[in-house]
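Below: one structure, written as structure tokens.
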Amino acid sequence: MTRRSIRLAAALGVAATLAGGSLAAASELTGPSAAPQKPAAAKHVLLLSVDGLHQSDLAWYIARHPGSALARLVNGGVHYTNAHTTNPSDSFPGMTAQVTGGGPGTTGIYYDDVYNHALLPAGTTNCKGVKPGVEVDMTEDMDKNKASLDAGQGLKNLPGSILQMTGRPQSLLDPSKLPVDPTTCKPVYPHSYLQVNTVFNVARKAGLRTAWSDKHIAYDILNGPSGTGIQDQFSPEINSDAGGYPAGNDWTTDNKATEQYDGYKVKAVLNEIDGYDHSGSQKVGTPAVFGMNFQSVSTAQKLPSSEGLKGGYASKGVPGPLLQKNLDYVNTEVGAMVKEIQAKGLASSTDIILSAKHGQSPTDPNALTRIDDGPLLDGLNAAWKKKHPGAGDLVAHSVDDDGMLLWLNDRSAEATSFAKQYLLSQSGKGTDINGKPTKSFTNGGLGRVYAGKEAAAYFGVKPGDARVPDLFGIAKYGVVYTGGTKKIAEHGGAHADDLNVPLVISGAGTPAGVTKSAQVATTQIAPTILSLLGLDPHNLQAVQKDHTQVLPVR
């Protein structure tokens, strides 16, 4: 058994953990990587993103399950215990960061549901004289049929037939629901909305195979500007109808349903490990860059209860029964993928990267303060109109989870300052973990607000940029903006609970048993993937612009 095989075998528990040491190529994984790369340390990189998973969750789990697949994965590689995702900590900026190497200001991706002051409304066919400014909603709302798991492909016998879903799902995006480019007067697809290329683009240019599985067709964005980065994209719609579950028709409203949904993506990855496409029907070879995201930890954190189990955290940082069950689920599924890699003889040529697009806040149930953002924004619009008779709404679009992003119809310094001061002057009552209106809040629930030029500077873009929020509010710890009581946590904010996610690299291109406590960023995953494959990280445009470093592995 080769030294590399021993490392991944250790993750399976079939050999003793290798302590210390590194591959010759590992020395190339530190510092800038402008020079040509040495021979590849790996032929395959499997990227696994577990939505909502905190570094503290991973540490809690492996401490109590030292023989688990997750523990063996950590012990068989390099564990970065102080890794941070993007701010805002939403799925779209978090995921694009992992595959581009850039943050929101560089990728142009601030959230999955944003506003663009330069594009034209969806459905525009005659662009002359049309006023720019439109919501860009990269969620299930872009699907041809968002109620169907196959997003409108028309498969029979769903959900059992879902693996037959197309691996080129751009055709399942409804052009009439896409924003329009005023120059070409044509719809703007998610992939062309991304401002920089991805690891999938670089790998394909090098003649390598790529695949990815995620929760919406709009993850077409990961194809990069060419639109062809991912050869096999499996994207069953998570917010479609899921029959047979009492909590509702959405796969996220019942944690068992979310696990079932995640299971389809796990099967797709297992097929790809075996050298087939995601459906298991065509022999195409194991991809060089592939992976998936898990959603079930996220729903276990958000739902007050599911399957008769209490959701979220029992106390600060201590997973409750539903979340514990779901950590077991993810552990089992990750273990199955690692086992399949070993069974197919790929252990000596495969690296596994485990991380998360975002965390979830708060992990302290007693800190939860749910604030209905509707009255806050209605009040802001009313106050603006009162001061400016005849004016329309000030807020063009808002995204408020456990942070606040506002795009304004009036982007002047007066308007952005007005919005900031108004929100900071608001107070009221929010609901607690039990749904009772006992939590007082001040300053609109916000701890810090960046408005106008401040917001642009925060994200490193020029004032007046068409994409940047006109107001970016960092909520106080525990605040979740919601009008109901159906969720007890959210993401998007800037607290440790939102940002501090796990990051582990284990396998062919890494030493084993190494812990790194220095702060790193999930943007560093992208250049590291390329370096592991022997490709030049500087082929990534975001790496060039942001000077993103390859993760140190020694």
Side-chain angles (χ1 to χ4, degrees), residues 5-19 46-83 255-256 258-260 262-263 265-267 269-270 273 291-301 307 309 311-314 317-344 346-347 350-356 359-360 363 500-508 510-517:
S5 296
I6 290 172
R7 290 199 182 108
L8 203 51
L12 281 164
V14 299
T17 300
L18 176 66
L46 174 63
L47 176 58
L48 303 175
S49 184
V50 186
D51 279 20
L53 188 66
H54 305 99
Q55 166 56 29
S56 58
D57 297 327
L58 180 63
W60 182 93
Y61 190 82
I62 63 178
R64 287 157 181 79
H65 303 86
S68 64
L70 289 174
R72 293 193 294 269
L73 194 70
V74 168
N75 294 332
V78 183
H79 185 194
Y80 305 88
T81 59
N82 192 14
N255 189 245
K256 189 66 176 178
T258 316
E259 289 180 355
Q260 179 179 332
D262 278 349
K265 293 183 292 184
V266 171
K267 179 57 179 174
V269 171
L270 291 173
I273 292 170
M292 62 167 282
N293 98 299
F294 284 91
Q295 281 292 114
S296 42
V297 163
S298 180
T299 60
Q301 293 166 325
E307 304 174 68
L309 299 173
Y313 292 82
V318 178
L322 182 64
L323 183 52
Q324 289 185 37
K325 173 183 174 293
N326 203 258
L327 293 172
D328 285 335
Y329 169 79
V330 170
N331 176 72
T332 298
E333 299 306 304
V334 170
M337 287 185 267
V338 176
K339 185 176 181 179
E340 195 69 11
I341 288 170
Q342 181 71 18
K344 295 302 175 181
L346 300 175
T350 302
D351 274 309
I352 298 174
I353 300 178
L354 177 72
S355 192
Q360 212 91 261
T363 60
N500 194 195
V501 296
L503 180 49
V504 179
I505 307 178
S506 187
T510 64
V514 175
T515 298
K516 297 281 188 180
S517 59

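Only a predicted model underlies this, so the values are computations on that prediction, with no experimental measurement involved. Residue indices begin at 1 and follow the sequence shown.
Distance alone, capped at 3.5 Å, places no donor-acceptor pair between the Glu340 side chain and the Ile273 backbone. Judged by distance alone, the side chain of Lys265 and the main-chain N or O of Asn293 form a donor-acceptor pair under 3.5 Å. Remark: side-chain polar atoms of Gln342 are not paired, donor with acceptor, to backbone N or O of Ala347 under 3.5 angstrom. Between the side chain of Thr510 and the main chain of Val78, no donor-acceptor pair closer than 3.5 Å is present.
With rounding to the nearest 0.5 Å, the separation of CG in Asp351 from CG in Leu346 is 12.0 Å. Summarising the geometry, atom CG belonging to Leu323 is positioned 8.0 Å from atom CH2 belonging to Trp60; distances are rounded to the nearest 0.5 Å. Note that OG of Ser49 is 6.5 Å distant from CG of Leu47, once rounded to the nearest 0.5 Å. Between the CE atom in Met292 and the NZ atom in Lys267 there is a gap of 13.5 Å [rounded to 0.5 Å]. A distance of 10.0 Å separates CG in Leu73 from CD1 in Ile62, rounded to the nearest 0.5 Å. Rounding to the nearest 0.5 Å gives a distance of 10.0 Å between OG1 of Thr299 and CG of Asp51.
Listed by chain and number, the residues in a side chain to side chain contact (heavy atoms under 4.5 Å, CB included) with Ser56 are His54 (sequence neighbours excluded). Considering only residues two or more places apart in sequence or on other chains, Glu259 meets the side chain to side chain contact (heavy atoms under 4.5 Å, CB included) condition with Asn255, Lys256, Ser296, Lys325, Asn326, Tyr329. Taking the side chain to side chain contact (heavy atoms under 4.5 Å, CB included) definition, one finds that Asn331 meets it with Tyr61, Ser68, Ala69, Leu70, sequence neighbours left out.
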Inset, instruction - Would you check, one step at a time, whether the test side chain to side chain contact (heavy atoms under 4.5 Å, CB included) holds for Met337 with Leu48? - result: CA-CA 10 Å; Met337 287 185 267; Leu48 303 175; 3.9 Å; yes

Legend entry - Intermediate values then yes/no, side chain to side chain contact (heavy atoms under 4.5 Å, CB included), His65 and Asp328: CA-CA 10 Å; His65 303 86; Asp328 285 335; 4.1 Å; yes

Inset, instruction - Go through Asn82 and Ser517 one step at a time and tell me if the side chain to side chain contact (heavy atoms under 4.5 Å, CB included) criterion holds. - result: CA-CA 6 Å; Asn82 192 14; Ser517 59; 5.6 Å; no

Legend entry - CA sep, side-chain torsions, deciding dist, call: Ile352, Val504, side chain to side chain contact (heavy atoms under 4.5 Å, CB included): CA-CA 8 Å; Ile352 298 174; Val504 179; over 6 Å; no

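In terms of heavy-atom proximity, Pro66 sits nearest to Ala71 at O-CB, 3.4 Å. In terms of heavy atoms, Leu503 sits closest to Ala83 at CB-CB, 3.7 Å. Contact record, Pro502 with Leu58: CB-CD2, 3.7 Å, taken as the closest heavy-atom pair. Nearest heavy atom pair, residue Gly359 against residue Val501, reads N-CG1, 3.8 Å. Looking at every heavy atom in both residues, Ser506 comes nearest to Gly77 through OG-N, 3.6 Å. Shortest non-hydrogen contact noted between Gln360 and Ser298 is NE2-OG, 3.0 Å.
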